[in-house]
Number of protein chains: 2
Amino acid sequence: MNKKQLVAKLSGSLNLSKADAERTFDTITNTILDALKGDDSVKIAGFGTYKVAKRKARIGRNPRTGEQIQIAASQKVKFLPAKALKEIFNK
Amino acid sequence: MNKKQLVAKLSGSLNLSKADAERTFDTITNTILDALKGDDSVKIAGFGTYKVAKRKARIGRNPRTGEQIQIAASQKVKFLPAKALKEIFNK
DNA sequence: TTACTATATGCAATAATTGCATATCTATTT
DNA sequence: AAATAGATATGCAATTATTGCATATAGTAA
């Protein structure tokens with residue numbers, strides 16, 4: 001399912017036009033991203049937690065050439081699914 | 001930021017009551033979960049992809065006792081952040 | 001609809017991360 | 001306020017992320 005299909009579903013269940021459903025959805029993802037940018041994690045009970053994980057710089061390797069390369073520190077968004085999700089999928 | 005605070009923010013930016021904002025939010029997460037339950041992944045361009053990862057059975061360890069234990073196969077929800085997110089957080 | 005852009009896939013070596021059980025403590029929801 | 005959910009901590013092995021780059025596919029924007 002892609003965003004277009006998701007928005008179509010939401011349009012139905014939220015009783016909104018597709019344009020409004022998309023705006024609503026975008027507002028939510030943007031709000032989450034803004035919080036993460038501000039270094040805050042976003043905890044949603046029963047769903048999961050979004051947080052920014054910092055990764056240190058390290059030495060890697062280009063597997064194609066075997067050559068060692070320096071990999072810069074970076075950050076990525078992680079999602080930790082809530083316990084409820086495990087139960088849903090493991091029964 | 002927890003769900004309550006997120007809903008409060010959304011209530012403002014979506015111009016909805018807190019109750020409606022929460023219902024809207026829950027509808028979205030439930031729609032995503034339903035898709036995942038149906039073994040479909042949910043791809044949201046510019047945000048990320050939710051998918052169900054299957055994990056094989058394997059041998060683990062009870063860290064308290066050190067004792068080896070057999071761990072059953074399981075499934076978990078994974079979130080793969082989109083490229084756009086990496087750019088946001090690594091510049 | 002066309003043109004553009006994002007993402008998936010494959011390769012392999014290595015580094016980083018996960019996840020296990022479980023009790024306790026804290027946060028959050030009802 | 002009571003009840004539920006999540007964080008924490010632990011050691012160690014299995015798993016996965018990461019890198020570059022090319023190609024293929026899918027998705028999005030104009």
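The sequence lines fix the lettering, A, B, ..., with proteins before strands; numbering per chain opens at 1. Below, each value reflects all heavy atoms present in this structure, side chains not excepted, and no hydrogens, waters or symmetry copies. If you're wondering where the values come from, they're calculated on a predicted model, not measured in any experiment.
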Atom-to-atom span, CZ of B:F79 to C1' of D:dT16 - whole angstrom: 17 Å
Generate the contact string for nucleotides 19-30 of chain C. Rules: B means base contact, S means sugar-phosphate contact only, - means no protein heavy atom under 4.0 Å. SBBB-----SS-
side-chain contact (heavy atoms from CB on, under 4.5 Å) with B:K4: which residues, sequence neighbours excluded? B:N2
In whole angstroms, the gap separating P of D:dT15 from NZ of B:K78 amounts to 13 Å
Residue set satisfying salt bridge (Lys or Arg N to Asp or Glu O under 4.0 Å) with B:K3, at least two apart, ordered chain then number -> B:E22, B:D26
Partners meeting side-chain contact (heavy atoms from CB on, under 4.5 Å) with A:V42 (sequence neighbours left out): A:I32, A:A35, A:L36, A:I44, A:Y50, B:M1, B:L6
Please name all residues satisfying salt bridge (Lys or Arg N to Asp or Glu O under 4.0 Å) with A:K9, sequence neighbours left out, ordered by chain then number. none
Have a look at B:A82 and say if it touches a base, only the backbone sugar-phosphate, or nothing, with a 4.0 Å heavy-atom cut-off. sugar-phosphate
Note, A:L16 side chain near A:L10 side chain (heavy atom, < 4.5 Å): no
Cluster link B:F25 to A:V7, ILVMFWY, side chain under 4.5 Å: no
Specify the separation, in whole Å, of atom CG of A:D26 and atom C1' of D:dA29. 14 Å
What is the separation between atom NZ on A:K18 and atom P on D:dT28, rounded to the nearest whole Å? 13 Å
